[in-house]
Amino acid sequence: MINILTDKVKEAVFSLYNQQVDEKQIQLQKTGKDFAGDITLVVFPFLRFSKKKPEETGIEIGNYLQENVKEISGFNTIKGFLNLVLDKKYWIGVFRDMITDPDFGLKKPGSENKTILVEFSSPNSNKPLHLGHIRNNLIGYSLSKIFEANGYRVKKVNIVNDRGIHICKSMLAWQKWGRGTTPETAGKKGDKLVGDFYVKFENEYKKQVQSLIAEGTDKDKAVRIAPIIKEAQEMLRRWEDGDKEVVDLWNRMNGWVYKGFDKTYKALGVSFDKIYYESDTYKTGREIVLSALEKGILFKKEDGSVWVDLSEKGLDKKVLLRSDGTAVYMTQDIGTAYQRYDDFEFFRQVYVVGNEQNYHFQVLVLLLNKIGYAWAKDIYHLSYGMVELPEGKMKSREGKVVDADDLIIEMIDTARDMSEELGKLDTYSEKQKEEIFRIIGLGALKYFILKVDPKKNMTFNPEESIDFNGNTGPFIQYTYARIKSVLRKAVEKNIEIQNETNTGFDPNKKEIELIKILAGFPKIVQDAAGQMTPAVIANYCYELTKEFNQFYHDFSILSVDDYETRNFRLQLSEITGYTIEKCMGLLGIDVPERM
RNA sequence: GGCCCCAUAGUUCAAGGGAUAGAAUAGCAGUUUCCUAAACUGUAGAUACAGGUUCGAGUCCUGUUGGGGCUACCA
């Protein structure tokens, strides 16, 4: 519709004022809430052509459009705004499209014939997942659904940082104080157990540093020479040499962690098409760096370390291989990116990584470009904001974190308490009930996080986030359950919904309003992909839900005698429920049949 | 020190340079003989400060203040 109007406005200006206008000057937008009309044209840009007052210009263009566009049934102008009213028949036409096309708003998977890679999660293998990872996972997962809905082939990938000093710290602490503990003997998830040893290491390390300082060593030196950190570094060297004992322990403990991660991923409802491990990709990275060094793209310092100079781009020099030849984070990321292009020939690669790594990705892209990879330009860093707690930033070293598993359980518990109190599910089996509690609890958590624009920092207040009223997941789920309930009642009453709507049918204002919102779904799906934000979907879904609740409150559906009205309202309810389900699906949120 | 990001009701979030800045929550006041009241209705409350660009600025530019991040031969 917007496209048709854009052309017609161009025509109008040409025929009225004999001027060509640039499409950028044609601003068509949704009419504001308190004004009559559906689409508004901003006429200010045309004043220099018409040489008339804004209102007169608006009326002239309005007249032209009404005569030449059959869907326009009227218009009004207020100041420089031309509000166009679309005919009810037009809206009923759109409504029929929605009803006949179950995939309304969604493109066929793979119709774009382009592959987008979405990297998310990217955990370290030395500690459990926390709230920050939850935001990361939810954004990444939702985004891949949104890309799919726009017709792209999507590959969800994860990179595990399984190599480096951090994992050696956990390993060392386990050797020292573990006494052979395993997740089984400790009765603990593997990632939790390994995380505990990481904390043990850090505590001991801190102690050693403090006593060194007390003995008169200065702080910087103490941090470097504490015996336990020396041991950890030695262990890392042995790992890089392939020392069997170290590698075996590394494999064993990582295995525990992955098992734990799998549980958390499963509980969150996210999955991956391919998991990369830094321990595999860092070697590729090193080869690339070495060959680039030969070509003179990089340079070597006297001590043998390899660097890239990005000062011409306004950035610093950056180390790529240490003087002992070992790889750093950046080296590994070069290797991973290369590997992925080799695997998938992506049209675009989106990294869902926190904004504290903005600099890292800026360097990565410039570097890949410098090395000569044409696909470097197709890399996009979706830099999401930090999740803060009301008392400030989470600090994993100080144990000030919200654990992912704990949070999920807490949300489900709250859903259970609330549901039992309301007592609407008393006739269901325990198993059925638990499934509903899970859907609600997770829905609350996911929606709370995804409704915020990824780019922005957000505050997570544990008390407020478990509120299930207002702009929340459960509010939307509740509306869905009510719609389902009405549809079930219709079946009980032997009322069959006919898939037809007479163009002569005259919906009331609220019904038209709902159709208008429903008709906006395809654009929302596109916008969400374009702006790479699930929040667009969440806010749309909330708006739709609220509108439906008002309709539901004000009008009867089943008890209407007039066949046509009742059938129309049932269709409207069905399509609203279906659209809610699609939206929530794009967010990775399930909807319950009842609650 | 240098570079980057952010600042909207008490609080948590919205607002592609466009109309009277939307919601939610907390507060106050209401709505259940009727399809699920986890609902609906009403009420009050905000663009950090100072300039500038523009017909028009929460949005763009400059400065100030306040907050966060990066600036490792950690990942």
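So you know, we letter chains A, B, ... as the sequences are listed, proteins then strands, and number each from 1. Everything numeric in this text was worked out from a predicted model, so none of it was measured.
Nucleotide B:rG1 has B:rU71 as its partner under the Watson-Crick or G-U criteria, with both atom distances under 3.5 Å. Under the Watson-Crick or G-U wobble criterion, with both distances below 3.5 Å, B:rU31 is paired with B:rA39. Using the Watson-Crick or G-U wobble rule with both distances under 3.5 Å, B:rG45 pairs with nothing in any strand shown. When Watson-Crick and G-U wobble pairs are counted only if both distances are under 3.5 Å, B:rA7 pairs with B:rU65.
Among the heavy atoms of the strands lying under 4.0 Å from A:Ser419 is at least one base atom, whether or not backbone atoms are also near. Nucleic acid contact for A:Lys546: sugar-phosphate only, since backbone atoms but no base atoms lie under 4.0 Å from a heavy atom of the residue. Among the protein residues, A:Ile165 comes within range of the sugar-phosphate backbone only, with heavy atoms under 4.0 Å from sugar or phosphate atoms but none that close to a base. Across all strands shown, A:Thr40 has heavy atoms under 4.0 Å from base atoms, whether or not it also approaches the sugar-phosphate. No engagement by A:Gln477 is indicated, since no non-hydrogen atom pair under 4.0 Å with the nucleic acid exists. Residue contacts shown for A:Ser556 include a base, since a base heavy atom lies under 4.0 Å away. Residue contacts shown for A:Phe555 include a base, since a base heavy atom lies under 4.0 Å away. Contact annotation for A:Asp162: no contact, since no heavy-atom pair falls under 4.0 Å across all strands. Across all strands shown, A:Asp316 has heavy atoms under 4.0 Å from sugar-phosphate atoms exclusively, and none from any base. Within the 4.0 angstrom heavy-atom criterion, base atoms lie near A:Gln357. At the heavy-atom level, A:Lys455 lies nowhere under 4.0 Å from the strands shown. Within the nucleic acid shown, A:Leu82 has no heavy atom closer than 4.0 Å to any nucleic acid atom. At a threshold of 4.0 angstrom between heavy atoms, the contacts of A:Tyr359 are confined to the sugar-phosphate backbone, with no base atom among them. Within the 4.0 angstrom heavy-atom criterion, base atoms lie near A:Ile440.
Atom CG of A:Leu315 and atom C1' of B:rC3 are 9 Å apart (whole Å). Look at CG on A:Asn469: it is 12 Å from P on B:rG27, rounded to the nearest Å. To the nearest angstrom, P of B:rA75 lies 16 Å from NE2 of A:His133.
Separation of the C1' atoms belonging to B:rU12 and B:rA7 is 15 Å when rounded to the nearest angstrom. Nucleotides B:rA29 and B:rG66 place their C1' atoms 38 Å apart, quoted to the nearest Å. Taking the P atom of each, B:rA9 and B:rG58 are spaced 14 Å apart, rounded to whole Å. Remark: the separation of the P atoms in B:rA48 and B:rU43 is 26 Å, to the nearest Å. B:rG67 and B:rU8 have their P atoms separated by 14 Å, with the value rounded to a whole Å.
In textbook terms, a nucleotide whose glycosidic angle is within 90° of 0 is syn, while B:rU11, being further out, is anti.
No donor-acceptor contact under 3.5 angstrom links the side chains of A:Gln339 and A:Tyr276, judged on distance only. Residues A:His360 and A:Asp333 have side chains that bring a donor and an acceptor to within less than 3.5 angstrom of each other. Side-chain contact annotation: A:Asn83 with A:Asn76, donor-acceptor N/O pair under 3.5 Å present.
Closest contact between the side chain of A:Arg482 and the listed nucleotides B:rU36, B:rA24, B:rC55 involves B:rU36. Counting only heavy atoms from C-beta on, A:Lys489 has its side chain closest to B:rU36 among B:rA75, B:rA23, B:rU36. Closest to the side chain of A:Tyr552, from the set B:rC40, B:rC35, B:rC13, is B:rC35. Closest to the side chain of A:Phe81, out of B:rA19, B:rA75, B:rA15, is B:rA19. Nearest nucleotide to the side chain of A:Arg594, out of B:rU36, B:rG18, B:rU25: B:rU36. Here B:rC40 is the nucleotide among B:rA75, B:rU36, B:rC40 with the atom lying nearest to any side-chain atom of A:Asn549.
Heavy atoms from other residues, nucleotides or ligands lying under 6.0 Å from CD of A:Glu421 number 12 at most.
Between the side chain of A:Thr326 and the backbone N or O of A:Arg322 there is no donor-acceptor pair closer than 3.5 Å.
Considering CD1 of A:Ile167 and CE of A:Met235, their distance stands at 9.5 Å, rounded to 0.5 Å.
In summary, A:Arg566 and A:Asp561 do not engage in a salt bridge, as defined by a charged side-chain N under 4.0 Å from a carboxylate O.
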